[in-house]
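To start, the structure itself, in structure tokens.
What's counted below: heavy atoms across the whole structure, side chains too, no hydrogens, waters or symmetry copies. Order of the sequence lines sets the chain letters (A, B, ...), proteins ahead of strands, with each chain counted from 1.
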Amino acid sequence: MALLPHFTHPWDVSPAEARALQDRLRAQVQVVPLASPPRFVAGVDVSVQDEVARAAVVLLSFPDLSPVEASTAQVPVSFPYIPGLLAFREGPAVLAALERLRGQPDVLIFDAQGLAHPRRMGLATHLGILLDWPSIGCAKSRLWGDHEEPPPQRGSWVPLWDGDEIIGAVLRTQMGVQPVYVSVGHRVDLETAIDLVLACAPTYRLPEPIRWAHRVAGGETLPVARQQALF
DNA sequence: GCGACAG
DNA sequence: ATCTTGTCGC
């Protein structure tokens with residue numbers, strides 16, 4: 001069953017209009033625990049090649065992290081990369097890829113920010129709201145917020161602050177590697193997001209769903225036996 | 001004017 | 001994100 005947006009809005013807008021849209025959408029964010037432990041998670045990533053965005057969604061069973069399905073979509077990019085407005089560049093491609101997914105993930109993990117954003121509307125939050133589906137942001141670097149250096153042990157984390165507000169967590173997924181920036185996307189809470197990202201990253205710095213999505217977005221394919229396993 | 005800045 | 005080889009370290 002494809003994941004479809006409950007509503008959308010124009011994507012071909014000016015940067016000023018994009019920020020205004022973010023300010024209107026932010027009122028709809030829900031920060032609540034996941035209804036039940038996930039049985040499937042999905043990683044989402046996008047690559048851009050010659051002005052064409054290729055989005056990839058890879059569905060994995062949880063907690064065993066076996067990939068079971070992948071979907072992709074290619075969409076010409078119609079918006080430049082502007083820090084804080086990533087959703088307007090990559091969002092349409094991601095929605096197209098989710099539309100082609102047959103299985104149903106309990107939560108989406110994005111290679112991007114969620115609430116850890118100047119207007120609390122990172123790509124993970126933006127699409128989570130449009131889809132009204134649980135989502136998590138897990139980025140490789142910081143966009144917004146201040147933080148201390150997290151302790152070196154795997155699983156340790158420190159809050160990501162915007163003034164007196166906690167907008168995310170800086171999480172060490174492996175000892176001795178750079179931390180990742182975890183934040184609530186939509187319909188999850190920060191504790192759940194941290195636990196889930198950690199559970200998805202038993203071996204490498206980045207969670208397996210994102211590693212798979214990154215490779216598929218880059219052109220690799222899933223082993224055939226796995227793609228057909230569920231259907 | 002200067003520095004910061006997901007992907 | 002993308003452009004790109006070798007190289008330092010476990």
Exercise for review: Using the aromatic ring of Y81(A) (for Trp, its six-membered ring), decide whether it stacks on the base of dG7(B) within the limits of 5.5 Å and 30°.
Suggested key: yes

**Study point:** Length of the NE2-P vector between H117(A) and dA6(B), whole Å
**Key:** 11 Å

Point to revise | Test: R211(A) cationic atom under 6.0 Å from Y204(A) six-membered ring centre, within 45° of axis | key: yes

Review point. Which part of the nucleic acid, if any, lies within contact of E90(A), taking any heavy atom under 4.0 Å across all strands shown: a base, the sugar-phosphate backbone alone, or nothing?
Key: sugar-phosphate

Revision key, fill the gap. Rounded to whole Å, the CH2-C1' distance (W144(A) to dG3(B)) equals 12 Å

Study note, to complete from the structure: Of L171(A), L198(A), D111(A), V170(A), the one forming a side chain to side chain contact (heavy atoms under 4.5 Å, CB included) with V180(A) is L171(A)

Practice item. Please state how far atom CZ in R89(A) lies from atom P in dT2(C), giving the value in whole angstrom units. Key: 10 Å

Review point. Quick one: is Q174(A) getting a side-chain N or O under 4.0 Å of the dC10(C) phosphate, OP1 or OP2?
Key: no

Practice item. Please confirm whether W212(A) and H214(A) have ring centers closer than 6.0 angstrom. Key: no

Practice item. Ignoring backbone atoms, test whether S141(A) places a side-chain nitrogen or oxygen under 4.0 Å from the OP1 or OP2 oxygen of dC5(B). Key: no

**Study point:** Distance, rounded to the nearest Å, where I210(A) contributes CD1 and dG7(B) contributes C1'
**Key:** 12 Å

Practice item. Check every strand shown and say whether H214(A) touches a base, only sugar-phosphate, or nothing at a heavy-atom separation below 4.0 Å. Key: sugar-phosphate

Check your understanding: Taking only N and O in the side chain of K140(A), is any of them less than 4.0 Å away from OP1 or OP2 of dG7(B)?
Key -> yes

Practice item. Name the nucleic acid region contacted by G84(A), choosing base, sugar-phosphate or nothing; use a 4.0 angstrom heavy-atom cut-off, strictly under. Key: base

Review point. Counting only side-chain N and O atoms of Q49(A), is one of them less than 4.0 Å from OP1 or OP2 of dT2(C)?
Key: yes

Check your understanding: How are the rings of H126(A) and F88(A) set to each other: parallel, tilted or perpendicular (split at 30° and 60°)?
Key -> perpendicular

Check your understanding: Side-chain N or O of R142(A) less than 4.0 angstrom from OP1 or OP2 on dA6(B)?
Key -> no

Exercise for review: Find the distance L85(A):CG to dA6(B):P and express it as a whole number of Å.
Suggested key: 12 Å

Check your understanding: Taking atom CD of E17(A) and atom CD of Q22(A), what is their separation to the nearest 0.5 Å?
Key -> 12.5 Å

**Study point:** Atom-pair distance (CZ on F79(A); P on dA6(B)), nearest Å
**Key:** 15 Å

Review point. Rounded to whole angstrom units, what separation is found between the CG atom of L206(A) and the C1' atom of dG7(B)?
Key: 13 Å

Point to revise | Protein-nucleotide distance (L115(A), atom CG; dA6(B), atom P), rounded to Å | key: 17 Å

